[in-house]
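Read through the structure below, which is laid out as structure tokens, and then see the notes.
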There are 2 protein chains.
Amino acid sequence: MDLETVKSKLHAMNFRLTQERELVLRTLMESGEMFTAMQLYDRVKEQYNKVGLTTVYRLFEVLTKLRLVTPFLIDGEIYYTFCQGGHHHHFVCLDCHRVKNIYGCEMDTRDFADLGKVEYHRMDLFGHCENCQGSVQPC
Amino acid sequence: MDLETVKSKLHAMNFRLTQERELVLRTLMESGEMFTAMQLYDRVKEQYNKVGLTTVYRLFEVLTKLRLVTPFLIDGEIYYTFCQGGHHHHFVCLDCHRVKNIYGCEMDTRDFADLGKVEYHRMDLFGHCENCQGSVQPC
DNA sequence: AGCTTATAGAAAATGTTTTTCTATAAGGCG
DNA sequence: CGCCTTATAGAAAAACATTTTCTATAAGCT
Ligand SMILES: [Mn+2]
Ligand SMILES: [Mn+2]
Ligand SMILES: [Zn+2]
Ligand SMILES: [Zn+2]
């Protein structure tokens, strides 16, 4: 998905795409990584200009409403990754925090009807991506 | 798993099973639910005596180290559920927050070798358990 | 260009989690 | 048992994370 599409989704919900939001969104979308609010704030600062931390928090809030972001809990911290399109699963690199989408879910939720009514499910794989294999782990 | 087993696991790591920990642990284990620290603190208070909130936080910390607890991120909040035994998946009721274990994982992580080296994975189903189906949703 | 209203960002407020500190008791050992 | 060592309880403070408030600004519309 490109920035223009996100823009229309924002507009459809009466949100605006400000210059600040565009900087943050670009950083998030182009990285393929997941970030805590503070991490994304720092990344934006180093790559572009400075934006307010509040702006990052508010963007995560908005993107969550639009379901354009998926949260991950890792080591007690909440990370967000840009995420859109149909249902899919994830591979998360524990080293570089890059996220890869896995399409083609074969699960049939009817198999679990005895447990209750399944609304949705998630599957996340965690490991070390090709880039990070063999390389020294970040401290 | 019963309390005695947890006790030995604690002792094996040089942790102690105090009266306060036992109260909190009982509440957690017997409920089958997942709790935020504050929720478990409140539940212990109403069912038994009062314990310190710090004690609950510290117990979650210890149980996390022993891998006797699994964290869930729901609506921006971190919940913990008592969780032990071999690899399995979860069904979480969005209403009552009870958790059911799903054994018999058929996934072969080698199917994803092209993505990187998979260390572990999780799968969580979310929905409404039999008890909560048809009943009025909690506010 | 002009209008309306969502947003930026600094500062304050709020909420959550961790740390500190002292008294207590768990568990080990004789 | 009784004694000893050391992990833990819990209150209070500190640290940290997130949300709210408030005013100026600019996005988007006409
Ligand atoms: Mn995704
Ligand atoms: Mn479990
Ligand atoms: Zn990687
Ligand atoms: Zn339920």
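Every chain is numbered from 1, with letters handed out A, B, ... down the list of sequences.
Arg16(A) contributes a side-chain N or O that forms a donor-acceptor pair with the base of dT5(C) under 3.5 Å.
Donor-acceptor pairing under 3.5 Å is recorded for the side chains of His90(A) and Asn101(A).
Among the protein residues, Thr55(A) comes within range of the sugar-phosphate backbone only, with heavy atoms under 4.0 Å from sugar or phosphate atoms but none that close to a base. Using a 4.0 Å heavy-atom criterion, one finds that Arg58(B) contacts the bases of the nucleic acid, with or without backbone contacts as well.
Distance CG (Leu40(B)) to C1' (dT16(C)): 16 Å, rounded to an integer number of Å. The interatomic distance linking Leu53(A) (CG) with dA17(D) (P) rounds to 10 Å, in whole Å. Atom C1' of nucleotide dA17(D) and atom CD1 of Ile78(A) are separated by 10 Å, given to the nearest angstrom. Atom-to-atom, CG of Leu17(B) to C1' of dA9(D) comes out at 14 Å; the value is rounded to the nearest Å. In this structure, Leu23(A) atom CG and dT7(C) atom P are separated by 16 Å, rounded to whole Å. Regarding Asn14(B), its CG atom lies at a distance of 20 Å from the P atom of dA25(C), rounded to whole Å. As rounded to whole Å, 16 Å separates atom P of dT18(D) from atom CZ of Phe35(A). Regarding Glu77(B), its CD atom lies at a distance of 8 Å from the P atom of dT17(C), rounded to whole Å.
Side-chain nitrogen and oxygen atoms of Tyr57(A) include none within less than 4.0 Å of the OP1 or OP2 phosphate oxygen of dT19(D). Note on Thr18(B): a side-chain N or O is less than 4.0 Å away from OP1 or OP2 of dA9(D).
A salt bridge does not link Glu20(A) with Arg58(A): every distance from a Lys NZ or Arg NE/NH1/NH2 to an Asp or Glu carboxylate oxygen is 4.0 Å or more. Taking the charged nitrogens against the carboxylate oxygens, Lys100(B) and Glu130(B) do have a contact shorter than 4.0 Å, which makes a salt bridge.
Where His11(B) and Ala37(B) meet DNA chain C, the nucleotide closest to each residue was compared, and Ala37(B) sits on the side nearer the 5' end.
Judged by the 6.0 Å and 45° rule, Arg122(A) forms a cation-pi pair with Phe72(A).
Counting heavy atoms of neighbouring residues, nucleotides and ligands inside a 6.0 Å radius, atom CG of Asp108(A) exceeds 12 of them.
Taking the side chain of Gln19(A) as heavy atoms from C-beta on, and the options dA27(D), dG28(D), dA8(C), the nearest nucleotide is dA27(D). Counting only heavy atoms from C-beta on, Lys7(A) has its side chain closest to dG28(D) among dT19(D), dT8(D), dG28(D). Picking from dG9(C), dT16(C), dG10(D) the nucleotide with the shortest atom distance to the side chain of Thr54(A) gives dG9(C). Side-chain proximity of Phe15(A) to the nucleotides dT8(D), dT7(C), dG9(C) is greatest for dT7(C). If you check dG28(D), dA27(D), dA9(D) against the side chain of Arg21(B), the one that comes closest is dA9(D).
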